[in-house]
Amino acid sequence: MNVRTVSKSMIGQTLGHYRIVDQLGAGGMGVVYRAQDLKLGRQVALKVLPASSSDSDEAIERFKREARTASALNHPNICTIYGFDEHDGQLYLAMELLDGDPLDRRLSGRPLELRLMLDIAAQVADALDAAHTEGILHRDVKPANIFVTRRGPVKVLDFGLAKLSPDYRRSARQLDTRNETRVPEHFTSTAGTTVGTIAYMSPEQARGDEVDPRTDLFSFGVVLYEMATGRQSFPGNTTAVVFDGILNREPAPPSSMNAAVPAEFDRIVSKALEKDRTLRYQTAADLGADLKRLRRDSGSRSAAIPTTGSSPDAATVVVPSGTTHVAAEPSAPAAAMPAVAPSSSSAAQVPPAALQSGVSKSVMAGAGVAVLAIAVIAGGLGAYFASRGGDSPALDPAESTAVAQAPDPNNAAPPAAPTAVPAAPTAVPAAPTAAPTKPVSAAGAGTSKPAGAATARPAAKTAAVTPAPAPAVSPDAEANQRLEVARAKVANNLNDQALADLRQIITDYPGTRAGAEASLLAAELHERGGRIDDAMAALVEFESRFAGDRRAADSKLRRSMMLSRVRQPRAQIQSRDLLGEVAREFPGSPQAAAALNTKLKIENDRKDLKEIDPVLKVEVPAAMVTLRTIIEQFPDAPQSMAARNRLATLLTGMNRHAESAQVLEDLGATFPGNPMDVWFRLGETYERRLNNPVKAREAYAKVPQDSSRYNEAQRRLTRK
């Protein structure tokens, strides 16, 4: 019976106290249904082992393992397991029902926005830290097993390949593994999932070595890379090609494919993808801390940039129902402002007193609206007092800020009831009269005398004033606005138009951050289009304009990566030279660390490269000089530990045993918990190469008890 047949036949059935409602998904290792918990009245996800897998010991053990491991974890970013049971020979697993999408569906070959990516990544790191704390290794971290819910929380799924770490198994803490079936563990038993799983393997998984929590961190690094670029870090059409990438290749920095990715993210990914697990992140907590720190710093930088979302050219003042809505441009001269006269219907519906209340509730939007609101209030009061004739005093001309306006012929009052047009940028209804009024003066002020009424005092003359100009937008804010427009065009594949915009930004805003980012984005667009020479030229221009900017280091790293893809010896040497410049000009920076690691790989491949060693004063393999630079710039970093170890080995190969011993001494003192048997090697060097038994005994005495060479060291200490 195949999976599809099982799916149709299961709907409507009851397994234990769960009634199956419909199918949510299916795969080689299980069919997932929506089910109703008949006891608690809640909906759950029910994962059922298909009949086609029920005869496989490995499939059954994997299914049981998922239930055991995931149920032992209680964390908001790990899918909750409610129960595991068997009904009429059918194994099923009840778990939390989630609403959302798996991460691989969210990606679909496209990178995520930086803030969202860091939010997801930080939550996954927390989940892995919780699992590793309980001694549980996931071993199948990939986008398909990361679920992004619609409410925001991220859930790590599918612990079917999980196992206890060796140290945890030896300590025998919480999980009872005495009855656990031992079956061969591999990743190629399920058709259709081989490449997808292999692409996220760690080097130690690929080699078949014993795994530990750092294995999950490598796989998570591959996921981080894909979230930032939309591409896999080790692509390939065959298993052999993917394995070769995992074991021997370094992916291009994410920032070389996504200009929005900061250099710090490149460093995080590079450290997570270290081939040597001793140089990788050692815990998920450390990786999560770096991600959270980057998220915080990225948020701070975003908050410092002025919002570019809404700064309309026209400000609209909303007045009460029955009056006219007027839009005025704050920056326009007074004579150009539109004049609107009330209709007769509006005059009949709204008494003048209502205008004051309406204006006081006006909604002001945009720069310069405060001035416009004052004009509305003053104009309304003038019209109101004018309509009352001699009962009200005239406004002092100095207090009036209304702008003189001409009547709008399309909205003029009928001849039978002419009205005085108020000098204000909004329509103000006049009181109805039985007799015509005197015409309005050319200045916009006049008298109005209804039949039988006393002579009215002259109405206030309006003072024609120009509204205050809108607050000036800073060059940085304007440049950022134009840069966002260019990025929007890039997002819509309008690359030629975006390049023209970017070139103008570079010209108009030299020396600004936006100008710098425009240069980098232009280089990226050229590179995407295969115009490598244009991309290189754009980066060179950026470096000349922003020589002291740390992004100049990123630019040189990108140029180095472009050159490294050119299979010519000259290009390889140019790439190496650029990496050396980064290390010299930005010592101790994340860019310098990435540059030195890449430079070292080039030198390992090119054994013919020689340099004068600054300590030995003789010509040595160039890799030795780079190793010394790594130690000098990053003395306490994990990469320095590997550099010291390698340098000691190279010195031994040159018969420079005294220098090798000194490097080993420094390595043991700086990294006392190193896994390299430093003290035993040092003891042998003193004993056999330097004929110094006193120093040899001191070194043997420092060999830790958990070292595989401890017993041998003790034996050598006891002999005469």
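Note that the structure is a prediction, hence the values are computed from the model and not measured.
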Main chain of [Y], side chain of [X]: is a donor-acceptor contact present, judged purely on distance under 3.5 Å?
{"X": "K275", "Y": "I246", "result": "yes"}
{"X": "E524", "Y": "A259", "result": "yes"}
{"X": "K155", "Y": "P76", "result": "yes"}
{"X": "E659", "Y": "L651", "result": "no"}
{"X": "D266", "Y": "S255", "result": "yes"}
{"X": "Q123", "Y": "V154", "result": "yes"}
{"X": "H138", "Y": "D158", "result": "yes"}
{"X": "T598", "Y": "A594", "result": "yes"}
{"X": "R115", "Y": "R295", "result": "yes"}
{"X": "D677", "Y": "F680", "result": "no"}

Quick one: [atom1] on [X] to [atom2] on [Y], what's the gap to the nearest 0.5 Å?
{"X": "M117", "Y": "L224", "atom1": "CE", "atom2": "CG", "value": "7.5 Å"}
{"X": "R697", "Y": "N692", "atom1": "CZ", "atom2": "CG", "value": "12.0 Å"}
{"X": "L128", "Y": "T133", "atom1": "CG", "atom2": "OG1", "value": "10.5 Å"}
{"X": "D554", "Y": "E543", "atom1": "CG", "atom2": "CD", "value": "10.0 Å"}
{"X": "D608", "Y": "E603", "atom1": "CG", "atom2": "CD", "value": "10.5 Å"}
{"X": "L682", "Y": "L667", "atom1": "CG", "atom2": "CG", "value": "9.5 Å"}

Answer with yes or no whether the side chains of [Y] and [X] bring together a donor and an acceptor at under 3.5 Å.
{"X": "N258", "Y": "T229", "answer": "no"}
{"X": "Q662", "Y": "D666", "answer": "yes"}
{"X": "R559", "Y": "S555", "answer": "no"}
{"X": "Y686", "Y": "E698", "answer": "no"}
{"X": "D126", "Y": "H75", "answer": "no"}
{"X": "R681", "Y": "N645", "answer": "yes"}
{"X": "Y281", "Y": "D290", "answer": "yes"}

With a 4.5 Å heavy-atom cut-off, do [X] and [Y] have their side chains touching?
{"X": "M536", "Y": "I532", "value": "yes"}
{"X": "D636", "Y": "T670", "value": "yes"}
{"X": "T652", "Y": "T685", "value": "no"}
{"X": "T283", "Y": "H132", "value": "no"}
{"X": "Q572", "Y": "L563", "value": "no"}
{"X": "L294", "Y": "F265", "value": "yes"}
{"X": "K556", "Y": "E585", "value": "yes"}
{"X": "I602", "Y": "D605", "value": "no"}

Would you check, one step at a time, whether the test side chain to side chain contact (heavy atoms under 4.5 Å, CB included) holds for I612 with V618?
CA-CA 5 Å; I612 300 298; V618 297; over 6 Å; no
Counting neighbours of CZ on R570 that are heavy atoms of other residues, nucleotides or ligands and sit closer than 6.0 Å, is the number greater than 12?
no
Return yes when atom CZ of R231 has more than 12 non-hydrogen atoms of other residues, nucleotides or ligands closer than 6.0 Å, and no otherwise.
no
Could you pull out the closest heavy-atom pair between [X] and [Y], with the gap in Å?
{"X": "A199", "Y": "V222", "value": "O-CG1, 3.7 Å"}
{"X": "P203", "Y": "L247", "value": "O-CD2, 3.7 Å"}
{"X": "G221", "Y": "A272", "value": "CA-CB, 3.8 Å"}
{"X": "L600", "Y": "L627", "value": "CD2-CD2, 3.7 Å"}
{"X": "L279", "Y": "P638", "value": "CD2-O, 3.0 Å"}
{"X": "S298", "Y": "L118", "value": "OG-CD1, 4.1 Å"}

Kindly assign one of parallel, tilted or perpendicular to the pair F234 and F218, based on the angle between their ring planes and the thresholds 30° and 60°.
parallel
Stepwise side chain to side chain contact (heavy atoms under 4.5 Å, CB included) check, V625 with V620
CA-CA 8 Å; V625 179; V620 298; 4.1 Å; yes
Quick note, side-chain hydrogen bond (donor to acceptor under 3.5 Å, both in side chains) partners involving residues 217-226, not counting sequence neighbours, are Y200-E226
Taking 4.0 angstrom as the limit, do D216 and R139 come out as a salt bridge?
no
Charged N to carboxylate O under 4.0 angstrom, R280 versus E204?
yes
Given side chain to side chain donor-acceptor pair (under 3.5 Å), test Y700 with E712 step by step and report yes or no.
CA-CA 9 Å; Y700 288 139; E712 176 64 17; over 6 Å; no
Could I get the full list of salt bridge (Lys or Arg N to Asp or Glu O under 4.0 Å) partners for E684, not counting sequence neighbours?
R688, R716
As a quick check of understanding, evaluate side chain to side chain donor-acceptor pair (under 3.5 Å) for S660 and R656, giving each step before the final call.
CA-CA 6 Å; S660 176; R656 305 299 292 251; over 6 Å; no
Can you list the steps and then say if L596 with L579 is a side chain to side chain contact (heavy atoms under 4.5 Å, CB included)?
CA-CA 7 Å; L596 288 168; L579 296 169; over 6 Å; no
State which residue, out of R576, R646, K599, E611, fulfils the side-chain hydrogen bond (donor to acceptor under 3.5 Å, both in side chains) condition with T626.
K599
Verdict with supporting geometry, L609 and I573, side chain to side chain contact (heavy atoms under 4.5 Å, CB included)
CA-CA 9 Å; L609 295 175; I573 296 302; 3.7 Å; yes
Are Q282 and R214 close enough, and set up right, to give a side chain to side chain donor-acceptor pair (under 3.5 Å), and what steps lead you there?
CA-CA 6 Å; Q282 300 300 291; R214 293 170 293 184; 3.1 Å; yes
